[in-house]
Amino acid sequence: MNRWRDLYRSFRFSNLQRRVGVRPSAGMERLENCAQMFQRKFLNEAFRRHCPVLLACIALGGSLLKELSPLPDSYWNNKRNVLNVYFVKFCWGWTLWLLLPFITLTNYKLTGSITKVLRRLSSLLVGTLFWYLCTNLFLYIEHITGSCYKSEALLDSIEHQDRKECRLHGGFWHGFDISGHCFLLSYCILIILEETSVIRSIQFERHWHRMAINAQFTALSILVIIWVWMFLCTAVYFHNIFQKVIGTAFGMLAWYITYRWWYLQPISPGLPPASASHSEKEPVYKN
């Protein structure tokens with residue numbers, strides 16, 4: 001009797017192991033393949049190195065296309081399109097909350113130091129400060145250069161002191177509107193590329209580490225694709241050439257000041273571990 005009970009338990013356990021074990025491993029394999037595909041084709045070293053030039057070309061080329069040969073209306077020049085409403089409107093929020101766990105896990109895995117992880121997380125506070133200062137600067141410039149009109153035709157002006165009061169009374173405020181989309185999308189793309197560079201240096205010993213980091217890397221890769229696409233849509237459909245070029249220049253300047261100058265200094269959040277080791281020509285961090 002005991003023998004049959006043991007056989008039955010063994011059969012149930014192997015059945016449960018097969019049901020619970022195979023599916024996660026298959027899912028993990030698909031996730032890893034997806035992460036490797038993104039690493040090879042999208043977030044590879046060549047793309048990281050040439051991305052600032054690519055963004056500048058998109059901003060300039062898309063602007064010239066809009067001025068010289070405007071594209072017909074489509075779903076993507078509607079401000080209510082799903083990517084604009086649910087993603088771009090919260091661009092910094094998406095970037096911040098996906099980078100937060102990724103930086104925490106990858107930097108701790110590479111350095112083993114909570115202090116270094118906290119120091120690196122402060123780079124997100126720096127990014128938030130740049131976002132806040134630049135967007136408010138753009139609003140201020142639009143305010144001091146703008147006037148209120150009855151409609152977008154800009155025929156009859158109305159006496160209102162600021163944009164909020166103008167829109168409250170049904171008017172249309174027209175000023176020099178530096179593209180916040182071009183600024184923030186370019187800045188977020190470059191930050192994600194910098195922070196995800198550590199993926200090359202990580203060796204996994206535990207399955208849950210591999211799955212968690214690959215999932216976060218895949219999500220950030222998809223986010224970069226969305227940001228690049230919406231950057232292109234902004235370039236070919238919205239604003240004038242000067243507003244887009246200046247917006248993109250602010251995004252690239254914020255990235256350059258931080259990751260190419262300030263983060264190389266001792267008193268700073270520092271570069272991601274892989275980037276730091278490459279810049280100092282030292283061996284890459286490995287566990």
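Quick caveat: nothing in here was measured; it's all calculated off a predicted structure.
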**Q** I'd like to know if the side chain of S69 reaches the main chain of L65, judged simply by a donor and an acceptor atom lying under 3.5 Å from each other, with no hydrogens or angles considered.
**A** no
**Q** Can you tell me how far CD1 of I192 sits from OG of S197, rounded to the nearest 0.5 angstrom?
**A** 12.5 Å
**Q** At their closest point, which heavy atom of P272 faces which heavy atom of Y259, and how far apart are they?
**A** CD-CE2, 4.3 Å
**Q** Ignoring hydrogens and geometry, is there a side-chain-to-backbone donor-acceptor pair from N77 to D73 under 3.5 Å?
**A** no
**Q** Can you give each donor-acceptor pair under 3.5 Å made by side-chain atoms of residues 118-128, sequence neighbours left out, with the distance rounded to 0.1 Å?
**A**
{"from": "R119", "atom 1": "NE", "to": "S268", "atom 2": "O", "distance (Å)": "2.7"}
{"from": "R119", "atom 1": "NH2", "to": "P266", "atom 2": "O", "distance (Å)": "3.0"}
{"from": "R119", "atom 1": "NH2", "to": "S268", "atom 2": "O", "distance (Å)": "3.1"}
{"from": "R120", "atom 1": "NE", "to": "G270", "atom 2": "O", "distance (Å)": "3.1"}
{"from": "R120", "atom 1": "NE", "to": "L271", "atom 2": "O", "distance (Å)": "3.3"}
{"from": "R120", "atom 1": "NH1", "to": "E195", "atom 2": "OE1", "distance (Å)": "2.8"}
{"from": "R120", "atom 1": "NH2", "to": "E195", "atom 2": "OE2", "distance (Å)": "2.9"}
{"from": "R120", "atom 1": "NH2", "to": "G270", "atom 2": "O", "distance (Å)": "3.1"}
{"from": "S122", "atom 1": "OG", "to": "R119", "atom 2": "O", "distance (Å)": "2.4"}
{"from": "S123", "atom 1": "OG", "to": "R120", "atom 2": "O", "distance (Å)": "2.6"}
{"from": "T128", "atom 1": "OG1", "to": "W92", "atom 2": "NE1", "distance (Å)": "3.0"}
{"from": "T128", "atom 1": "OG1", "to": "L124", "atom 2": "O", "distance (Å)": "2.8"}

**Q** Under 6.0 Å from the CG atom of L137, do we count more than 12 heavy atoms belonging to anything else shown?
**A** yes
**Q** Please examine the side chains of I189 and L193, heavy atoms only from C-beta on, and report whether any two atoms are closer than 4.5 Å.
**A** yes
**Q** Minimum heavy-atom separation for V117 and N107, please, with both atom names.
**A** CG2-C, 3.9 Å
**Q** State the CG-CD1 distance between L99 and I103, to the nearest 0.5 angstrom.
**A** 5.0 Å
**Q** Tell me which donor-acceptor pairs under 3.5 Å the side chains of residues 247-256 have, and how far apart each pair is, sequence neighbours excluded?
**A**
{"from": "T248", "atom 1": "OG1", "to": "K244", "atom 2": "O", "distance (Å)": "2.9"}
{"from": "W255", "atom 1": "NE1", "to": "E194", "atom 2": "OE2", "distance (Å)": "3.0"}

**Q** In the structure I gave you, are the side-chain heavy atoms of V224 and T196 within less than 4.5 Å of one another anywhere?
**A** no
**Q** Flag yes if more than 12 heavy atoms outside Y75 fall under 6.0 Å of its OH atom; otherwise flag no.
**A** yes
**Q** Working note: D177 + N240, criterion side chain to side chain contact (heavy atoms under 4.5 Å, CB included); need CA distance, chi angles, decisive distance, verdict.
**A** CA-CA 9 Å; D177 182 19; N240 65 41; over 6 Å; no
**Q** Are any non-hydrogen side-chain atoms of W76 and V236 less than 4.5 angstrom apart?
**A** no
**Q** Less than 4.5 Å apart, any side-chain heavy atom of I178 and any of E142?
**A** no
**Q** Quick one: does N84's side chain have a donor or acceptor within less than 3.5 Å of a partner on K79's backbone?
**A** yes
**Q** Taking the inter-plane angle between the rings of Y140 and H143 on a 0 to 90° scale, is it parallel (under 30°), tilted (30 to 60°) or perpendicular (over 60°)?
**A** tilted
**Q** Take Y108 and T104, measure what side chain to side chain contact (heavy atoms under 4.5 Å, CB included) needs, and give me the verdict at the end.
**A** CA-CA 6 Å; Y108 185 75; T104 302; 5.6 Å; no
**Q** So, N81 side chain and N78 main chain: donor-acceptor pair closer than 3.5 Å or not?
**A** yes
**Q** Do F242 and I144 share a hydrophobic cluster, counting only Ile, Leu, Val, Met, Phe, Trp and Tyr and linking them when any side-chain heavy atoms are less than 4.5 Å apart?
**A** no
**Q** Ignoring hydrogens and angles, tell me if any N or O in the side chain of Q216 forms a donor-acceptor pair with the backbone of F102 under 3.5 Å.
**A** yes
**Q** Can you name the closest pair of heavy atoms from T234 and H239 and give their distance?
**A** CG2-CD2, 4.4 Å
**Q** Ring pair (Phe, Tyr, Trp, His ring centres under 6.0 Å), that's the test. Do W94 and F87 meet it? Break it down for me.
**A** CA-CA 7 Å; W94 279 105; F87 285 88; 4.8 Å; yes
**Q** Rounded to the nearest 0.5 Å, how far apart are CG of L54 and CZ of F231?
**A** 8.5 Å
**Q** With the side chain counted from C-beta on, respond yes when F217 and T106 share a heavy-atom pair under 4.5 Å apart, and no when they do not.
**A** no
**Q** I need the W262 CH2 to I267 CD1 distance, nearest 0.5 Å.
**A** 10.0 Å
**Q** I need the L133 CG to F130 CZ distance, nearest 0.5 Å.
**A** 8.0 Å
**Q** Report yes if the side chains of S74 and Y237 come closer than 4.5 Å at any heavy-atom pair, otherwise no.
**A** yes
**Q** For the residue pair W227 and L184, establish whether any side-chain heavy-atom pair is separated by less than 4.5 Å.
**A** no
**Q** Taking the side chain as every heavy atom from C-beta outward, state whether W229 and L83 have any atom pair closer than 4.5 Å.
**A** yes
**Q** Say whether I191 and V53 are linked into one hydrophobic cluster, either directly or through other cluster members, by side-chain heavy-atom distances under 4.5 angstrom.
**A** no
**Q** Distance check, rounded to the nearest 0.5 Å: M230 atom CE versus C233 atom SG?
**A** 5.0 Å
